[in-house]
Amino acid sequence: MLSKSVAVLDIRSSEITSVVAERGVNNTFIVKSKFAHAYEGYAEGQLLDIRSFETAVQSVVQSTLSAVNEKIKTFYVSIPGEFSDVINSDNVISFPSSKKVSRSDVKNLEESSYPKDDKIWRTVCDGKLFFVLSDKRKVINPIGMPTDSLRGRMCFYRCKQSFADCVTNAFHPFAGITHIVFVPSVHAQAMYLVAPERRDEYAVLFDFGYISSSFSVICGNGVAYCESFSLGAGHIAVYLMEALEIPYDVAAAILDKVNLNAGEGSPATIEHYHEGKLYKFDAATLRQKVAEGLDLICEAIEECYANFTEKNLDGKPVYITGECVNTIRGATDHISNRLVRSVNIAAPNIPYYDKPQFSSLFSLIDYALNEKESSSFFGSLFK
């Protein structure tokens, strides 16, 4: 069994990655093994090819087991936004007289708010947005504070049962792995990428994926709103493919060559060789088409803003992350101009992996290590 390390499986819309890692110094990580495998992905809340998904999972897990000498019993598996749901609650408990809030009080409030599972969804974990004391003070952590009532604004993360079943079936050949912990990617990224002082009020995080993207509003130690939609850089490549009547592989390749911020003196054409054929495009036309594709994503983001009515988010920056942030040069500036909002790139603050395409993975690793360290600490209290 891993002593200081955790094993995680990060599921994105373009590939699946398995990593064994442990905590390093200064909030860094020591990666002991890392394997990735592309697959067909997912859209509209469905895996596009279940067999492709199982093959990818089993490939990276088998490679991980072969690379690590220690026995792995537990895997932390991310839940993409397409397969997760967030339910908010706002409940109050009262005490006979003023007292200091205990951990069990918070637990009782949480349990009284817990949603019921059904055939479609299963609850996997929760988050705490904020608490309100009887004197109307709003706090992130109420433990130890005097009050005669405690109001809790919480969120509960649910996983689509069909997705959980697919993951469980994919792990079936590995009898030694007895525990799968499902982790909502939106929660892990919110807690890892956005500083606590930014979360004390409300913060916006946009995860720009290849086939699927997610928009979330973060508050305290939870998520107040989350929406996922099947749009990403891959759809912009499809848009180019159809508009220019070119193969998809060519369209995907030229996305890396487009620079939306190109000015005077930039090349007038963009070229790409594919299967012995030279494809040549007018650079200005490509920039226009790519911008049109990004505008579709911006429209989806604007709809999310419109749907969230709890708090005015004007003036709040958008934190953008995901594997496709750097796919199109100038995309961040275009999104900022289109939304008329400040857009900041969010990425892990660790050497080599300080790029947004690693955000989901290292957010999951951080969550798993926090859970392991927490359980080890409380477990040691009773030894």
Side-chain angles (χ1 to χ4, degrees), residues 78-79 81 84-95 100-117 121-159 182-207 214-228 301 304-319 321 346 359 363-364 366-367 370-371 374:
S78 69
I79 311 170
S84 64
D85 182 35
V86 180
I87 294 179
N88 288 151
S89 70
D90 195 340
N91 286 346
V92 179
I93 57 173
S94 299
F95 310 118
K100 289 185 178 180
V101 177
S102 67
R103 191 178 299 275
S104 61
D105 294 326
V106 175
K107 187 69 175 177
N108 290 337
L109 181 57
E110 175 188 336
E111 291 177 349
S112 69
S113 308
Y114 220 79
K116 293 183 179 179
D117 291 349
W121 298 97
R122 58 186 278 190
T123 306
V124 293
C125 65
D126 63 81
K128 284 81 172 176
L129 279 66
F130 58 82
F131 296 89
V132 180
L133 307 178
S134 55
D135 59 7
K136 307 303 181 184
R137 280 185 296 160
K138 186 167 74 171
V139 298
I140 301 301
N141 183 4
I143 295 176
M145 294 188 174
T147 184
D148 55 22
S149 67
L150 182 65
R151 172 190 166 202
R153 180 71 194 282
M154 301 184 178
C155 68
F156 296 88
Y157 302 96
R158 302 193 301 176
C159 175
F182 289 99
V183 181
S185 184
V186 60
H187 178 77
Q189 291 193 67
M191 297 302 102
Y192 179 63
L193 297 175
V194 183
E197 60 270 19
R198 298 292 184 184
R199 293 189 259 115
D200 281 352
E201 274 298 324
Y202 288 79
V204 176
L205 179 65
F206 177 60
D207 184 356
S214 296
F215 173 97
S216 57
V217 180
I218 308 159
C219 181
N221 294 319
V223 172
Y225 172 84
C226 183
E227 187 71 35
S228 296
I301 295 175
C304 291
Y305 270 106
N307 290 338
F308 182 72
T309 58
E310 177 180 319
K311 178 81 172 180
N312 188 337
L313 298 175
D314 290 345
K316 299 286 185 182
V318 179
Y319 293 95
T321 195
S359 291
S363 296
L364 176 61
D366 184 69
Y367 179 96
N370 285 338
E371 287 290 297
S374 176

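Just the heavy atoms: all of them, side chains too, but no hydrogens, waters or symmetry mates, feed the values below.
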Please find out if less than 6.0 Å separates the ring center of Tyr305 from that of Phe215.
-> yes
Side-chain heavy-atom pair Glu201, Lys311 within 4.5 angstrom cut-off | yes
Is there a side-chain contact between Cys125 and Val183, using heavy atoms and a 4.5 Å cut-off?
-> no
Leu129 vs Cys155, side chain to side chain contact (heavy atoms under 4.5 Å, CB included): CA-CA, chis, key distance, verdict | CA-CA 7 Å; Leu129 279 66; Cys155 68; 3.8 Å; yes
Just wondering, do Leu109 and Phe131 contact through their side chains at under 4.5 Å, heavy atoms?
-> yes
Side chains of Ser363 and Asp366: is there a donor and an acceptor less than 3.5 Å apart?
-> no
Polar side chain donor-acceptor pair, Asn307 to Glu227, under 3.5 angstrom | no
Can you tell me how far SG of Cys226 sits from CZ of Phe308, rounded to the nearest 0.5 angstrom?
-> 12.0 Å
Between Lys128 and Val106, is any pair of side-chain heavy atoms under 4.5 Å apart?
-> yes
Taking every heavy atom of Pro115 against every heavy atom of Ile87, the minimum-distance pair comes out as CB-CD1, 4.2 Å
Of all heavy-atom pairs between Ala190 and Val223, which one has the smallest distance, and what is that distance?
-> CB-CG2, 4.4 Å
Indicate yes or no: at least one non-hydrogen side-chain atom of Arg198 is less than 4.5 angstrom from one of Ile218.
-> no
pair Val101-Thr147: side-chain heavy atoms closer than 4.5 Å | yes
Could you give the distance from CD (Gln189) to CG (Leu205), rounded to the nearest 0.5 Å?
-> 6.0 Å
For residues Val186 and Ser214, determine if any side-chain heavy atom of one lies less than 4.5 Å from a side-chain heavy atom of the other.
-> no
Is there a donor in the side chain of Ser134 and an acceptor in the side chain of Ser149, or the other way round, less than 3.5 Å apart?
-> no
For the student: nearest non-hydrogen atoms of Tyr157 and Gly127, plus distance = CE1-N, 3.9 Å
Near-ring test Tyr114/Phe156, centroid separation under 6.0 angstrom = yes
Rounded to the nearest 0.5 Å, what separation is found between the CG atom of Asp85 and the CZ atom of Arg158?
-> 4.5 Å
Between Pro184 and Val124, what is the shortest heavy-atom contact and its length?
-> CG-CG2, 4.0 Å
How far does CG of Leu133 sit from CZ of Arg151, to the nearest 0.5 angstrom?
-> 11.0 Å
Report the distance from atom CD1 of Ile79 to atom CZ of Arg122, rounding to the nearest 0.5 Å.
-> 8.0 Å
Close side-chain approach of Cys304 and Tyr225, heavy atoms under 4.5 Å | yes
Roughly how far, to the nearest 0.5 Å, is the CG atom of Leu150 from the CD1 atom of Ile93?
-> 5.0 Å
For the pair Thr321 (side chain) and Ala346 (backbone), establish whether a donor and an acceptor sit closer than 3.5 Å, ignoring hydrogens and angles.
-> yes
Exercise: identify the closest heavy-atom pair between Ser84 and Trp121 = C-CZ3, 3.7 Å
Provide the closest heavy-atom pair for Glu110 versus Asp126 in the form atom of the first, atom of the second, distance.
-> OE2-OD2, 2.6 Å
